[in-house]
Amino acid sequence: MHAFNVVYNHWLYFQSEVIDQLPPDVIDQLPPEIVDQLRDGSLDQIPEEVVNRLPENVQDKIPESFIDFASANPLWALMGVLGVVGFVYGLMKSLVKLAFVAAVIGLIAWYFFFFQRS
């Protein structure tokens, strides 16, 4: 049980490191739920949209290593590209089906128009 407490306390110290290194005026400007999440370890960086809502002078005091930039995660970019490719593929597939059905209807109409017996 003692080894668990040592590991847990070290983990808590590591998690609260971000909040301890921020100036007090920055912590005062952050939303309370973000401060709580930084303290309990559910966040390890401040989200970019939260930083963008802070005044300029407060933004300058936050080190860039503490900001979670949305563009820093290449997985989101890959998911966006795959989404666009999937959309274009589905659109093309639907257009090919539409063209095929229109061609079949056109052939049937052509047959009945030219080969009718009056």
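For reference, positions follow the sequence shown, starting with 1.
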- Rounded to the nearest 0.5 Å, what separation is found between the CZ atom of R39 and the CG atom of D36? 7.0 Å
- To the nearest 0.5 Å, how far apart are CG in L95 and CE in M92? 6.0 Å
Are [Y] and [X] co-members of a hydrophobic cluster defined by side-chain heavy atoms under 4.5 Å apart?
{"X": "V96", "Y": "L98", "answer": "no"}
{"X": "V84", "Y": "L82", "answer": "no"}
{"X": "V104", "Y": "F115", "answer": "yes"}

- Apply ring-ring contact (aromatic ring centres under 6.0 Å, His included) to F87 and list each qualifying residue two or more places apart in sequence or on a separate chain. none
- Of L107, I108, V101, which meets side-chain contact (heavy atoms from CB on, under 4.5 Å) against I105? V101
- Linking Ile, Leu, Val, Met, Phe, Trp and Tyr by side-chain heavy atoms under 4.5 Å, what else ends up with V81? V85
- Item | By side-chain contact (heavy atoms from CB on, under 4.5 Å) - contacts of K97 (at least two apart) | K93
